[in-house]
Amino acid sequence: MALTAVVQSTLGSRLRVFGVSPDLVLLFLIAWVLLHGLRGSLSVSLVGGLMLDALSGAPFGLMTLCLTLASSVAGLGQLNVFSSAWYLPYLTIATATLVFQGLLLLFLRLLRESTTAGPSALWGPLLWRVVLPSVLINTLLMLPVHHLVRWLAGWRRGESAPTFELG
Amino acid sequence: MLNPESDGLLLRGQARARPHGRRRALLIIALLGLILAWLILDQTGGPNPVRDVFSQVISPVQFALTRMMRPVDLLIERARHLSQVQLENEALRQENIRLQNQIVLLREAQIENETLREQLRFKSAVPHLHLLAAEVIGYDPSSLLQYLIIDRGTADGVQQSMPVLTAEGLVGRISEASLTSSKVMLITDPSSSVSAVIQRSRATGIVQGYAGQELRMRYIPSPQRDPLFPAQSGEWSQEEGLPVMPGDVVLTSGLGGNFPRRLLIGQVASVEHRAVDMFQEARVVPAVNLRGLESVMVLQNFVPEPALANE
């Protein structure tokens with residue numbers, strides 16, 4: 001997860017699509033949560049969040065907080081009756097991205113309002129130009145990432161890679 | 001004792017063989033004579049009809065044979081050198097890979113050289129600015145925030161709020177400095193605001209970061225005149241032009257003390273104005289391509305006013 005955060009920071013600017021770069025840490029975390037549940041992913045969430053905090057210009061701890069809350073949403077998705085549905089990973093990452101980016105925006109506004117001339121005026125443009133493209137990119141990237149995390153989990157247990165069911 | 005029968009036979013055979021031998025000898029002598037004559041004829045440099053006839057007959061045959069044998073020769077030659085060619089091919093392939101790598105490295109060195117030359121030219125042009133070159137080692141992992149990470153920190157004399165620029169213009173300011181690296185808040189970050197001035201009209205405003213790595217210049221006084229107080233309203237006449245127009249150059253004004261004066265921020269792309277608005281707003285394109293930055297310069301001899309460090 002630490003390596004993913006470094007890759008996101010170093011190569012993220014080169015992987016821009018629609019003006020945004022994919023949230024690799026969030027993607028891997030959500031895939032991990034869907035596989036191991038929320039309890040088994042807390043440490044992963046913490047490491048990923050702290051690494052993002054170290055590399056980001058946001059107030060320290062904010063990324064960890066938002067990432068943990070977003071992974072909790074993903075954990076809820078994993079627990080419900082639709083947990084075997086093929087679309088669950090995509091629905092979960094879309095929701096988690098919305099939650100992660102939305103919370104980040106909200107906290108940034110609360111923490112930086114005094115230093116910014118008009119952050120509230122940016123809600124609309126930020127939503128259209130950053131949050132929604134991020135949701136789209138992350139949802140599209142969920143297919144390879146989910147597959148990769150499942151394969152890694154199988155490899156770690158010494159099993160063959162599990163098959164990926166689309167339906 | 002002689003055997004008359006057998007002797008007789010021998011003498012008869014000898015008698016028969018003698019004209020034969022003589023004829024052969026004569027033939028050899030004639031041939032030798034002919035060759036000698038040919039030799040003399042050839043030495044005198046005169047025409048040699050025999051050779052001419054000979055060559056006329058032989059030449060086409062030779063030509064045809066040579067043409068026919070050429071592909072065969074080639075095949076034989078190729079077969080002979082096949083292993084050698086394979087070795088040469090492999091060596092050339094390796095050489096090609098090595099040269100390709102060298103070209104890539106040279107291109108990189110050329111780009112780096114050009115960047116450093118540009119920085120050096122800029123440094124020479126503004127000797128009063130104490131600039132520290134730094135490499136960009138990372139970007140903010142979140143798309144909502146516009147920050148850079150550079151490889152210079154407090155150990156190199158970098159301090160919080162120091163302006164960061166390139167030869168093209170303003171990049172941002174140091175938001176956080178650790179021992180060996182620093183974070184730079186780009187001017188395109190939604191939390192960033194810089195006091196600015198339009199170079200042509202001297203109209204002032206504030207340049208703020210906007211979503212999607214854009215800039216907006218806000219609070220530019222509106223040009224409209226108050227019909228009741230025409231003498232007191234509006235600072236710009238029609239002759240002087242509007243306070244802000246597309247294509248105008250935007251510079252730092254130095255107001256607020258966060259940035260030095262006259263640093264290039266960007267160029268006005270479009271102007272938004274409604275009749276009811278007190279102020280105008282302009283979309284500004286940054287002078288620096290902030291997405292592809294590889295190196296920047298930290299302005300070390302500018303100390304922002306502490307009380308106004310955060311605008």
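Order of the sequence lines fixes the chain letters, A, B, ..., with proteins taken first and strands second; residue numbering starts at 1 for each chain.
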*Between I137(B) and chain A, which part of the residue has a heavy atom less than 4.5 Å away: side chain, backbone, both or neither?*
backbone
_Less than 4.5 Å to any heavy atom of chain A: does that hold for the side chain of L144(B), its backbone, both, or neither?_
both
_Would you say that more than 12 heavy atoms from the other residues, nucleotides or ligands in this model lie under 6.0 Å from the CZ of R107(B), or not?_
no
*Say whether, by atom type as modelled, one donor and one acceptor occur between the side chain of S56(A) and the main chain of P141(B) under 3.5 angstrom.*
no
*Minimum-distance pair of heavy atoms, taken over all atoms of D140(B) and M63(A)*: OD1-CE, 4.3 Å
*Which atoms of V20(A) come close to chain B, meaning under 4.5 Å heavy atom to heavy atom: side chain ones, backbone ones, both, or neither?*
both
*asked:* Is M51(A) in contact with chain B via its backbone, its side chain, both, or neither, using a 4.5 Å heavy-atom distance?
replied: neither
*Once you round to the nearest 0.5 Å, how far does CG of L126(A) lie from OH of Y210(B)?*
8.5 Å
*From L108(A) atom CG to S142(B) atom OG, the distance as rounded to the nearest 0.5 Å*: 7.5 Å
